[in-house]
Amino acid sequence: MRVEIWSDIACPWCYIGKARFEKGLESFAHRADVEVVHRSFELDPGHAKGDVAPVVDMLAAKFGRSRQEALAMEEQVASHARSEGLGYRVGDRDHGSTFDIHRLLHLAKARGRQDELLSLVYRANFAEERSVYDTGTLVDLAVEAGLDEAETRAVLGDADAYAEEVRADEREAAELGATGVPFFVLDRRYGVSGGQPAEVFTQALEQAWQNRAITPLVGVTEDGQGAACDSDGSCEIPQAGARS
């Protein structure tokens, strides 16, 4: 069974959703027969390469909030990440174009190291003091994931390398009706939207395995655990007091 996951490295709910999906997969009896493929989805496709700014400043400008309010938004998401055992830096992360990162993830897919690179990039972006928008850092992460340094630099230096693969993923997401990420598609029969709890993913895997015709799960669960980042770049923030 194949599970395709559309996500963006700039999306905190994709980071959290990946961890929750992996926990749900671990509880699935047929997990050894599941192939996971990561697909590209840019939340801000028009963002200029090289235009990098602190994420808190971006959030404040985007939502018309004060810097303190933007920090509070980040703290709420951080609490959900930490409840999953994930590191999460608040206030000093960068925000920029993720197109080159997606291109490199396609190289990693071709070399059988996609999940390894994605995990490292998520960790660097959300938990460590390393900017994934810096070419040197991105090369270091790729090498750490098992990619060849010279090939990595060649791909990053060629704007056309794997660009069509990224665009094809994004076109396919639109065709499937995905308006935000993370978006999970199980064997092209069952769609799950948002960073749902682990047990929801386990249930979805079981139902897809049984090949039933079922209604897709989309949107946000009642307690906010299915929050997602929309195609306009906005991210759902669960209300204070919501369970994580």
Side-chain angles (χ1 to χ4, degrees), residues 5-26 38 41-44 47 52-63 65-98 101-102 105 115-134 137-138 140-141 144-145 180-184 192-201 220-221 223-230 233-244:
I5 306 173
W6 274 264
S7 61
D8 191 11
I9 192 63
C11 166
W13 290 110
C14 296
Y15 175 51
I16 295 168
K18 184 176 187 293
R20 289 176 172 174
F21 170 77
E22 288 170 352
K23 288 179 181 177
L25 180 61
E26 186 62 29
H38 297 282
F41 190 109
E42 294 172 275
L43 288 170
D44 193 0
H47 202 99
V52 179
V55 70
V56 171
D57 293 347
M58 180 276 293
L59 289 171
K62 187 176 187 66
F63 297 107
R65 305 288 182 87
S66 69
R67 197 171 193 280
Q68 197 60 38
E69 288 172 327
L71 278 169
M73 292 168 63
E74 275 281 275
E75 286 287 0
Q76 289 182 51
V77 178
S79 67
H80 286 265
R82 291 164 186 158
S83 72
E84 302 297 333
L86 300 172
Y88 197 102
R89 292 185 294 123
V90 174
D92 60 348
R93 289 188 294 107
D94 287 338
H95 175 78
S97 170
T98 58
I101 301 171
H102 285 296
L105 284 165
D115 190 73
E116 289 82 356
L117 179 58
L118 182 59
S119 295
L120 288 170
V121 173
Y122 272 142
R123 188 178 70 190
N125 187 48
F126 289 103
E128 300 174 348
E129 295 184 11
R130 304 168 74 183
S131 176
V132 296
Y133 305 103
D134 173 75
T137 297
L138 203 50
D140 289 344
L141 292 168
E144 189 176 346
V181 285
F183 185 66
F184 303 77
V192 181
S193 178
Q196 302 284 348
E199 57 268 24
V200 172
F201 288 116
V220 183
T221 56
D223 60 6
Q225 293 187 48
C229 293
D230 291 332
S234 61
C235 295
E236 294 279 358
I237 307 295
Q239 298 297 314
R243 291 182 292 115
S244 59

| said: So which atom in Ala70 and which in Ala60 form the shortest heavy-atom distance, rounded to 0.1 Å? | reply: CB-N, 3.9 Å

| message | I'd like to check Phe126 versus Leu86 (side-chain heavy atoms, cut-off strictly below 4.5 Å). Are they in contact? | response | no

| said: Just verifying a value: how many Å separate Cys229 SG and Tyr15 OH, rounded to the nearest 0.5 Å? | reply: 14.0 Å

| In Å, rounded to the nearest 0.5 Å, how long is the span from CG of Leu59 to CZ of Arg93? | 8.0 Å

| Are any of the side-chain heavy atoms of Met58 and Asp44 separated by less than 4.5 Å? | no

| field | Least distance between heavy atoms, Cys14 atom then Tyr122 atom | value | CB-OH, 3.1 Å

| How many angstroms lie between CG in Asp115 and CD in Glu22, if you round to the nearest 0.5 Å? | 6.0 Å

| said: Nearest 0.5 angstrom please: Glu84 CD to Ser79 OG, how far? | reply: 10.5 Å

| Results of side chain to side chain contact (heavy atoms under 4.5 Å, CB included) for Arg82 - residues two or more places apart only | Glu75, Ala78, Tyr88, Val90

| Side-chain heavy-atom pair Phe63, Glu69 within 4.5 angstrom cut-off | no

| said: Ignoring hydrogens, what is the shortest heavy-atom contact between Ala198 and Lys23? Give both atom names and the distance. | reply: CB-CB, 3.8 Å

| Which atom of Thr137 lies closest to which atom of Asp134, heavy atoms considered | N-OD2, 2.8 Å

| task | Taking the side chain as every heavy atom from C-beta outward, state whether Ile5 and Phe183 have any atom pair closer than 4.5 Å. | result | no

| Where Arg89 and Glu74 come nearest, the two heavy atoms and their spacing | O-OE1, 4.0 Å

| field | For Asp8, side-chain hydrogen bond (donor to acceptor under 3.5 Å, both in side chains) partners two or more places apart | value | Thr98, His102

| field | Leu138 side, atom CG; Arg130 side, atom CZ - distance, nearest 0.5 Å | value | 10.0 Å

| Taking only residues two or more places apart in sequence or in another chain, which ones pass salt bridge (Lys or Arg N to Asp or Glu O under 4.0 Å) with Asp57? | Arg67

| Can you check whether Phe184 and Phe21 have ring centres sitting under 6.0 Å from each other? | yes

| field | Smallest separation among heavy atoms of His80 and Ile16, with atom names | value | CB-CD1, 4.1 Å

| Among all residues two or more places apart in sequence or in another chain, which pass the side chain to side chain contact (heavy atoms under 4.5 Å, CB included) test with Arg123? | Leu120, Ala127, Glu128, Glu144

| message | Once ring-ring contact (aromatic ring centres under 6.0 Å, His included) is applied, do any residues pair with His95, and if so which ones, sequence neighbours excluded? | response | His47

| field | side chain to side chain contact (heavy atoms under 4.5 Å, CB included) involving Asp94 - partner list, sequence neighbours excluded | value | Val52, Ser131, Tyr133

| field | Lys18 vs Ser119 side-chain heavy atoms within contact, under 4.5 Å | value | yes

